[in-house]
Structures are given as C-alpha cells and as structure tokens.
Amino acid sequence: MEKRDRITPGEFAGKVYGTVRQIPKGRVSTYGQIALLSGYPRAARAVGNALHNNPDGDLTPCYRVVSSSGRLSEAFVFGGVNVQKDKLESDGIPVHNMRVDLKQYMWQPFTVLSKKSKRT
DNA sequence: CGATTGACTGACC
DNA sequence: AGGTCAGCCAATC
C-alpha cells in the first residue's frame with residue numbers, strides 16, 4: 001500500500017475508489033450505492049465528483065458505475081460513453097441506448113432475493 | 001475561509 | 001413517462 005500521506009484526495013474519495021474496485025465483473029453499481037457502501041449514503045454527488053477527478057483509471061473501473069436509472073455518464077472523461085459501453089459489454093453487460101438493466105446487473109453485495117408470494 | 005460547481009437522487013408536475 | 005425543483009456532500013476556485 002502506498003502511503004500517500006502527503007497527498008490525500010480526501011478520505012471519502014479513497015473509500016469510493018476502493019468500493020468501485022470491489023464491483024465484480026459483469027455487474028454495475030450506482031453512485032448512490034457506491035456512496036452508501038463507502039459510508040456516505042447521501043454523497044452520491046461527491047462520488048461522481050471523485051470519479052471525475054480521473055482516478056487510477058484502469059485501477060478503478062468507474063465505467064461500472066452508472067446513474068440510478070442505469071444510464072451511462074455523458075461526460076465520461078476517459079474516452080466517451082461509447083468506450084464505457086464497450087467496456088460494459090466486454091464485462092458481459094448488454095447496453096441498450098446508453099442504459100443497462102439495473103434490475104439484472106446492479107451490484108448487490110447483499111443477497112437480496114426478497115421472494116414475495118405472487119398474488120392477484 | 002466562503003461561495004460555486006458537479007459523472008447524483010428522489011419527489012413533484 | 002419525461003422534465004423540473006430542491007436537497008446533500010465533498011472538492012475546487
């Protein structure tokens with residue numbers, strides 16, 4: 001672990017990067033989810049800002065991070081949305097019209113599976 | 001140190 | 001279903 005004692009991009013940002021790196025392949029996450037897992041349930045914006053800070057890039061799969069609607073970012077810095085889309089598809093995540101199926105691909109660290117009895 | 005912004009989100013119309 | 005308003009948080013100017 002490198003000790004970036006002199007440069008601290010913000011403890012928050014560091015956690016964000018770590019969380020983003022924890023996103024398994026073939027899965028995506030939202031800024032809000034990242035913020036929540038990082039310990040900041042309301043810092044979705046700050047997350048976006050942190051990622052826009054252009055992190056380690058290859059080290060931080062920010063392309064797996066999408067908006068709450070599963071939409072890709074338009075202002076993607078490292079190439080453009082098309083690149084992000086290509087990366088997502090490379091992970092096995094089909095992208096349709098700049099969007100992904102969060103219902104299927106949103107990263108869920110907790111086994112959700114709230115099976116409800118079908119009724120009416 | 002104060003004000004503004006920004007890759008966001010949820011609510012309201 | 002899509003567009004607008006307001007709220008939240010950290011980083012930057």
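All values below come from the heavy atoms of this structure, side chains included, with hydrogens, waters and symmetry mates left out. Remember, it's a predicted structure, so these values are computed and weren't measured experimentally. Residue numbering restarts at 1 for every chain, and letters A, B, ... go by the order of the sequence lines.
Put simply, CG on A:L51 is 13 Å from C1' on C:dA11, counting in whole angstrom units. Atom-to-atom, CZ of A:R71 to C1' of C:dA1 comes out at 14 Å; the value is rounded to the nearest Å. Whole-Å rounding puts the A:K15 NZ to C:dA10 P distance at 11 Å. Rounding to whole angstrom units, OH of residue A:Y17 and C1' of B:dA7 are separated by 12 Å. The distance from atom CD of A:Q33 to atom C1' of B:dG10 is 15 Å, rounded to the nearest whole Å.
Between A:S67 and A:A46, it is A:A46 whose nearest contact on DNA chain B lies nearer the 5' terminus.
Taking A:R42 as the reference, nothing meets the salt bridge (Lys or Arg N to Asp or Glu O under 4.0 Å) condition, with sequence neighbours excluded. For the side chain to side chain donor-acceptor pair (under 3.5 Å) test, residues two or more places apart in sequence or in another chain that qualify with A:R71 are A:E74.
In this structure, of B:dG6, B:dA7, B:dT9, it is B:dG6 that holds the atom nearest to the side chain of A:N49. Set against B:dG6, C:dC9, B:dA7, the side chain of A:Y40 has C:dC9 as its closest nucleotide.
For residues 25-41 of chain A, the set of pairs meeting the side chain to side chain donor-acceptor pair (under 3.5 Å) definition, not counting sequence neighbours, comprises A:T19-A:S38, A:Y31-A:S73. Among pairs with a residue in residues 88-103 of chain A, those fulfilling side chain to side chain donor-acceptor pair (under 3.5 Å) read A:Y63-A:D91, A:R64-A:D91, at least two apart in sequence or across chains.
Stems are defined here as 3 or more consecutive Watson-Crick or G-U wobble pairs with pairing distances under 3.5 Å; those involving DNA chain B are B:2-6 with C:9-13, B:8-13 with C:2-7.
A:V66 is listed as a side-chain neighbour of A:L102, based on a closest heavy-atom distance under 4.5 Å. When side chains are defined from C-beta on, A:L51 counts as touching A:Y17, because their heavy atoms get closer than 4.5 Å. At a threshold of 4.5 Å between non-hydrogen side-chain atoms, the residues A:V20 and A:V47 do not count as touching. Side-chain contact check for A:V28 versus A:V65: every heavy-atom pair is 4.5 Å or farther apart. No side-chain heavy atom of A:V16 sits under 4.5 Å from any side-chain heavy atom of A:L37.
Residue A:S69 is classed as having no contact, given no heavy-atom separation below 4.0 Å to the nucleic acid.
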Could you list all N or O pairs between the protein and nucleotides 4-8 of chain C that sit under 3.5 Å apart?
unit_1, atom_1, unit_2, atom_2, d
C:dG7, O6, A:R45, NH1, 3.0
C:dG7, O6, A:R45, NH2, 2.1
C:dG7, N1, A:R45, NH1, 3.3
C:dG7, N1, A:R45, NH2, 3.2
C:dC8, N3, A:R45, NH1, 2.4
C:dC8, N4, A:R45, NH1, 2.7

Test log, rule side-chain contact (heavy atoms from CB on, under 4.5 Å), inputs A:D86 and A:V95 | CA-CA 8 Å; A:D86 181 63; A:V95 181; over 6 Å; no

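With hydrophobic clusters built from ILVMFWY side chains whose heavy atoms lie under 4.5 angstrom apart, A:L88 shares a cluster with A:M106.
Of the residues in residues 97-107 of chain A, not one comes within less than 4.0 Å of DNA chain B through any heavy atom.
Using a 4.0 Å cut-off, no side-chain N or O of A:S73 falls inside it from OP1 or OP2 of B:dA7.
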